[in-house]
Amino acid sequence: MPKYDFRKIEPKWQKKWLSERLYEPDLKSAKKPFYNLMMFPYPSAEGLHVGNMYAFVGSDIYGRMKRMQGYDVFQPIGLDGFGIHSENYALKIGTHPMDQSKISQERFYKQLEEIGNGFAWDEKLETYDPKYYKWTQWIFTQMFKNGLAYRKRQAVNWCPKDLTVLADEQVVGGKCERCGAEVIKKDLEQWFFRITKYADKLLANLEKIDWSERVKIAQKNWIGKSEGALIKFKIQNSEFEIEVFTTRPDTLFGATYMVLSPEHELIKNQESRIENLEEVKKYIVTVGKKSETERVAEGKEKTGVELKGIKAVNPANKEEIPIFVADYVLSSYGTGAIMAVPAHDERDFEFAKKYNLPIKMVICPNYPAPVCPILDAAYVDSGYLVGSGEFDGLPAEKAKWEITKFVHGKRKVQYRLRDWLVSRQRYWGVPIPMIHCEKCDWQPVPEKDLPVELPHIKNFRPKGKGESPLASDKSFYETKCPKCGGKARRETDVSDTFLDSAWYYIRYPSVNVENSSLKIGNSKLEIPWNSEITRRWLPVSLYTGGAEHSVLHLLYVRFMAMVFHDWGLLDFEEPFPKFRAHGLLIKEGAKMSKSKGNIVNPDFYIKEFGADTLRMYLMFLAPFEQGGDFRDASILGISRFLERVWKLGNSEFKKFSSEQLLHKTIKKITEDIENLHYNTAISALMILLNAFESDGVSQKQFETFLKLLAPFAPHVTEEMWHGLGNKTSVHKEGWPQHDKKLIQDETILFIVQINGKHRATIGAVAGLPQEEAETLVRQDEKVGKLLANREIKKIIFVPDRLINFVLE
RNA sequence: GGGCGAGUAGCCGAACUGGUACAGGCGCACGGCUUAGAACCGUGUUUCCGUAAGGAUAUGUGGGUUCGAAUCCCGCCUCGCCCACCA
């Protein structure tokens, strides 16, 4: 018997598959397209993380079964190589990202090949390839032309370590998603994408897509829809008004003061009337220096300053109320100002207590209530109106819209979602293709001049002055205005990496074909993909990836698809009708991280045990969607399993007695893979192998077994398949079908219970009616004894399964 | 603070729609093979009583529904993930 030499077998088949283009579907004319996609990785030269491998293998197993089921499976691969991640790595080891990317790319692709996935290598793409980012830039210019990209000055998230601004989605718990540094606010003018325009659709479409529930919930909360009203408050002795957004217009009569965010325009506007201007300004400056986390940490103790000398008027009861500025009101949500109703809002209550402001109760749990309860906390539940003039006695829900009408307010739906900040003051990214001209303002770079190539500049280190390193390269930024031809300056910021990944899945099938064009009047506009191919292959059949991208990539990518759809470039709105989040792979109970030094490098395990063993081990740990704990010790179980398979396939065949078990296993494995329950599928293979070893196996049965094992262990199965005299790849074989008749049991085991307790197990033929089953069971000696002289109150009968005698 | 999810053997985990709780693997123990060890093969492995047959007991915890609950309902405890002053 030859030795199971995976070190020879695995590279041999990998080469062969590649040269035979085994995993390349016919993109132009495939009859049963199945686009199986896993989120592409961002590479660093440290190489593929075992967590990446876990995710890719899980996706591959599904794709392999689909291929064997007769689908034309397209499983492309590429690199999300632009961005802070790769740039920081280059900074750390002292290389240039442009050179480093070539090294990382080679290493990553080599590793991805070694894990034995069925990738369509011909269509690989890298986001830092000018051929690719030409179109990322094209998308940017179209966004601008369609009014979906705009510039705005506002307080934005700034990472003091990575020296760039960040989108809200990239600030996690007040910290930079990439480096973990405390994020502070900076007042800067930046490029934004108008994702809020699609808030409603992004939310509504969630109902239509089949996604892991936890990801849908995360998106729903992030979008954060709330219904309320816009209400205007007049400023005493002034033309100025303050507009507020509230979800509780029913409590308007209880508004005893107002609060503005530190950035609110009224403060500048009314500067001359504010008596304590110095104090106010000082407060605003102090607040501006605080980081997000400091604000949250101090959140329990609210701070604020009254704007002395000016008052607002409550439009409901015309009472004069004071105005405060406080940082618990955010400039970026609603109108940046609130009406404070301390009796019915926890935050306002706390603030009012601290500054000794009146607390007026206007909602009572009961009506007519002789006395309203004395508040030691805000009463935030619903009830009936009191102290609200003509509205007294109305249920709060009803009063909401009547009061809004009474004060000429407007109903308004407000989203928590903010526009997507896409500028980055870094080097390693897609240059934003915009030109600024003193005369003509902002102009997009004309399509014919794309791409705007990222120059190889020596000093790419971020500068931290709110400018990208590109701003020091005169030859880059000096240009002419595309409109008037005058002297102009290029935008020197780059765009967010998440823009690169927001459309890659459309590009894959079109990598090697000609792009389509749109007719606009008499001219043609080339678009970034081929429409015919796109119609055949998209949307993606199954998308797999990490749940950590719930409100990042997975939100942006949906937004962009909706935009393309509205431009007539795609005929679907949702890019991924089915998405599954895989679990997190941890190591000995702890998260893998560089700082802990416990990152598992797959190379070592592939060398030591083989890719097939590592693949199966990873999948056997726990359900794929749950994640798993990598422990060295238990990899031996799989290693033994494959050795035994090898041994069995190299010994003499004879007929296996239970054809039934084989067919039950076919059914189970098919269902398990469909549901990504790879751990139980592997366990079913083990059970079958155990049976083969004790009862024997025919060649035909063993070949079926190899097909079932093929998605998990593609190399060894291919080797043995050919060893049995087959000339074509096992991965192109038809997936085994179970025989429905064969899996029906002829005999079953009856569970006999007395008072719900298991007392005996009795074999019987299947399909026995209750009476016969009862007779049979009573004949049993033990059961007979237990039932002797007892009164039977009731008998519960579950066909072919159980009979329960209930006594007295 | 809010939302979501989970708690089964020494460990990872299985259990369809409520119907034999713990499949499969790891580990461990004993035995075989071997000069010896590794590897490999076999047997056993919730806990308690019992030589055994068998019996009792057991799915974080306390209740409830049911002939019957890991599964459904309510309270509590613990852990994980996400969000977090969003008016």
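Labels below follow one simple rule: chain letters A, B, ... track the order of the sequence lines, proteins then strands, and each chain is numbered from 1.
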> Side chain of A:Trp222: nearest nucleotide among B:rC85, B:rC26, B:rA84?
Replying inline: B:rA84
> What's the CG-P distance between A:Leu330 and B:rA84, to the nearest Å?
Replying inline: 11 Å
> Of the nucleotides B:rU57, B:rG25, B:rC85, which one has an atom closest to the side chain of A:Asn690?
Replying inline: B:rG25
>> To the nearest 0.5 Å, what is the distance between CG on A:Leu203 and NZ on A:Lys220?
In response: 7.0 Å
> NA contact type, A:Asp348, heavy-atom cut-off 4.0 Å: base, sugar-phosphate, or nothing?
Replying inline: nothing
> Given B:rC83, B:rA87, B:rG19, which nucleotide is nearest the side-chain atoms of A:Val329?
Replying inline: B:rA87
> If pairing requires Watson-Crick or G-U wobble contacts with both distances under 3.5 Å, which nucleotide is the partner of B:rA29?
Replying inline: B:rU43
>> For A:Asp419, is there an ion pair with A:Lys152 - N to carboxylate O distance below 4.0 angstrom?
In response: no
> Given that both distances must come in under 3.5 Å, which nucleotide forms a Watson-Crick or G-U wobble pair with B:rA38?
Replying inline: none
> P atom, B:rG24 versus B:rA14: distance in rounded Å?
Replying inline: 14 Å
> Could you state the CD-P distance from A:Glu213 to B:rC81, rounded to the nearest angstrom?
Replying inline: 21 Å
> CZ of A:Phe641 versus P of B:rG25: gap in Å, rounded?
Replying inline: 10 Å
>> Classify A:Arg644 by what it touches in the nucleic acid, base, sugar-phosphate, or nothing, heavy-atom distance under 4.0 Å.
In response: sugar-phosphate
> Which part of the nucleic acid, if any, lies within contact of A:Ser226, taking any heavy atom under 4.0 Å across all strands shown: a base, the sugar-phosphate backbone alone, or nothing?
Replying inline: sugar-phosphate
>> Suppose we define a pair by two distances each less than 3.5 Å, Watson-Crick or G-U wobble; what does B:rC79 pair with here?
In response: B:rG5
> What nucleotide among B:rG19, B:rA87, B:rC81 has an atom nearest to a side-chain atom of A:Gln753?
Replying inline: B:rG19
> Is any side-chain heavy atom of A:Ile635 less than 4.5 Å from a side-chain heavy atom of A:Phe609?
Replying inline: yes
> Taking for each residue the nucleotide of RNA chain B bearing the nearest heavy atom, is the 5' side occupied by A:Asp345 or by A:Leu584?
Replying inline: A:Leu584
>> What contact category does A:Ile687 fall into here, base, sugar-phosphate, or nothing, at under 4.0 angstrom with non-hydrogen atoms?
In response: sugar-phosphate
>> Applying a 4.0 Å non-hydrogen cut-off, can you work out what A:Val172 is touching in the nucleic acid: base, sugar-phosphate, or nothing?
In response: sugar-phosphate
> Rounded to whole angstrom units, what separation is found between the CG atom of A:Asp672 and the P atom of B:rG24?
Replying inline: 15 Å
> Between B:rC85, B:rC67, B:rU20, which nucleotide has the shortest distance from any of its atoms to the side chain of A:Thr761?
Replying inline: B:rU20
> Nearest-Å distance, NE2 (A:His344) to P (B:rC85)?
Replying inline: 23 Å
> So does A:Thr680 get a side-chain nitrogen or oxygen closer than 4.0 Å to the phosphate oxygens (OP1/OP2) of B:rG13?
Replying inline: no
>> With side-chain contact (heavy atoms from CB on, under 4.5 Å) as the test, pick out the partner of A:Leu621 among A:Leu585, A:Asn679, A:Asp629.
In response: A:Leu585
> When you measure from the side chain of A:Ala218, which nucleotide among B:rA14, B:rU20, B:rC82 comes out closest?
Replying inline: B:rC82
> What distance, rounded to whole Å, do you find between the two C1' atoms, one in B:rA70 and one in B:rA23?
Replying inline: 15 Å
What protein N or O atoms touch nucleotides 2-12 of chain B N or O atoms at under 3.5 angstrom, if any, and at what distances?
from: B:rC12; atom 1: O2'; to: A:Leu621; atom 2: O; distance (Å): 2.7

> Please give, in whole Å, the distance from B:rA87 C1' to A:Tyr257 OH?
Replying inline: 11 Å
>> Using the C1' atom as the point on both nucleotides, what is the distance between B:rA6 and B:rG54, in whole Å?
In response: 37 Å
>> On the six-membered ring of A:Trp401, is A:Arg248 placed so that its NZ or CZ lies under 6.0 angstrom from the centre and within 45° of the ring axis?
In response: no
> For the side chain of A:Lys794, counting heavy atoms from C-beta on, which of B:rA87, B:rG27, B:rC67 is nearest?
Replying inline: B:rC67
>> Of the options B:rU57, B:rC85, B:rC81, whose atoms approach the side-chain atoms of A:Lys757 most closely?
In response: B:rU57
> Considering only the P atoms, how many Å lie between B:rU57 and B:rG63, rounded to the nearest integer?
Replying inline: 16 Å
>> Could you go through A:Lys185 and A:Asp327, starting from their C-alpha distance and side-chain angles, then the distance that decides it, and tell me whether this counts as salt bridge (Lys or Arg N to Asp or Glu O under 4.0 Å)?
In response: CA-CA 12 Å; A:Lys185 290 282 178 193; A:Asp327 69 346; over 6 Å; no
> OP1, OP2 of B:rA56 versus side-chain N and O of A:Arg759: anything below 4.0 Å?
Replying inline: yes
> Is any side-chain N or O of A:Arg640 closer than 4.0 Å to OP1 or OP2 of B:rC26?
Replying inline: yes
> A:Tyr617 has an atom OH; how far is it from atom P of B:rG25, in whole Å?
Replying inline: 15 Å
>> If you apply the rule salt bridge (Lys or Arg N to Asp or Glu O under 4.0 Å), what do you find for A:Lys400 with A:Glu397, and how did you get there?
In response: CA-CA 6 Å; A:Lys400 272 186 182 176; A:Glu397 269 313 303; 3.3 Å; yes
>> Measure CZ/A:Phe245 against P/B:rC85 and give the value in whole Å, please.
In response: 17 Å
> Expressed as a whole number of Å, how far does the P atom of B:rC28 sit from that of B:rG10?
Replying inline: 16 Å
> Is any side-chain heavy atom of A:Arg615 closer than 4.5 Å to a side-chain heavy atom of A:Ile61?
Replying inline: yes
>> Less than 4.0 angstrom from a charged side-chain N to a carboxylate O is my criterion; do A:Asp210 and A:Lys216 meet it?
In response: no
> B:rG68, B:rG24, B:rC16: which one has an atom nearest the side-chain heavy atoms of A:Ser683?
Replying inline: B:rG24
> Which nucleotide in the set B:rU57, B:rU20, B:rG24 lies at the smallest distance from any side-chain heavy atom of A:His758?
Replying inline: B:rU20
> Taking the P atom of each, how far is B:rU47 from B:rG42, in whole Å?
Replying inline: 23 Å
> Taking the C1' atom of each, how far is B:rU20 from B:rU59, in whole Å?
Replying inline: 15 Å
> Which value, in whole Å, describes the distance between the C1' atoms of nucleotides B:rA15 and B:rU71?
Replying inline: 10 Å
>> It should be established whether A:Asn679 places a side-chain nitrogen or oxygen under 4.0 Å from OP1 or OP2 of nucleotide B:rA14.
In response: yes
> With no hydrogens and no angle check, is any side-chain donor or acceptor of A:Asn314 less than 3.5 Å from a backbone partner on A:Ala316?
Replying inline: yes
>> Under 3.5 Å for both donor-acceptor distances, Watson-Crick or wobble: does B:rU66 have a partner, and if so which one?
In response: none
> With nearest nucleotides of RNA chain B determined for A:Leu802 and A:Gly334 from heavy-atom distances, which residue corresponds to the more 5′ nucleotide?
Replying inline: A:Leu802
> How long is the gap from CG on A:Leu385 to CG on A:Leu252, to the nearest 0.5 Å?
Replying inline: 10.0 Å
>> Return the pairing partner of B:rU17 with a 3.5 Å limit on both distances, Watson-Crick or G-U wobble; otherwise return none.
In response: none
>> I want to check a possible cation-pi pair here: A:Lys302 against A:Tyr328, using under 6.0 Å from ring centre and within 45° of the ring axis as the test.
In response: yes
>> Just N and O in the side chain of A:Lys216: are any of them under 4.0 Å from OP1 or OP2 of B:rC82?
In response: no
>> Given the structure, check if the side chain of A:Lys793 and the base of B:rC67 hold any donor-acceptor pair shorter than 3.5 Å.
In response: no
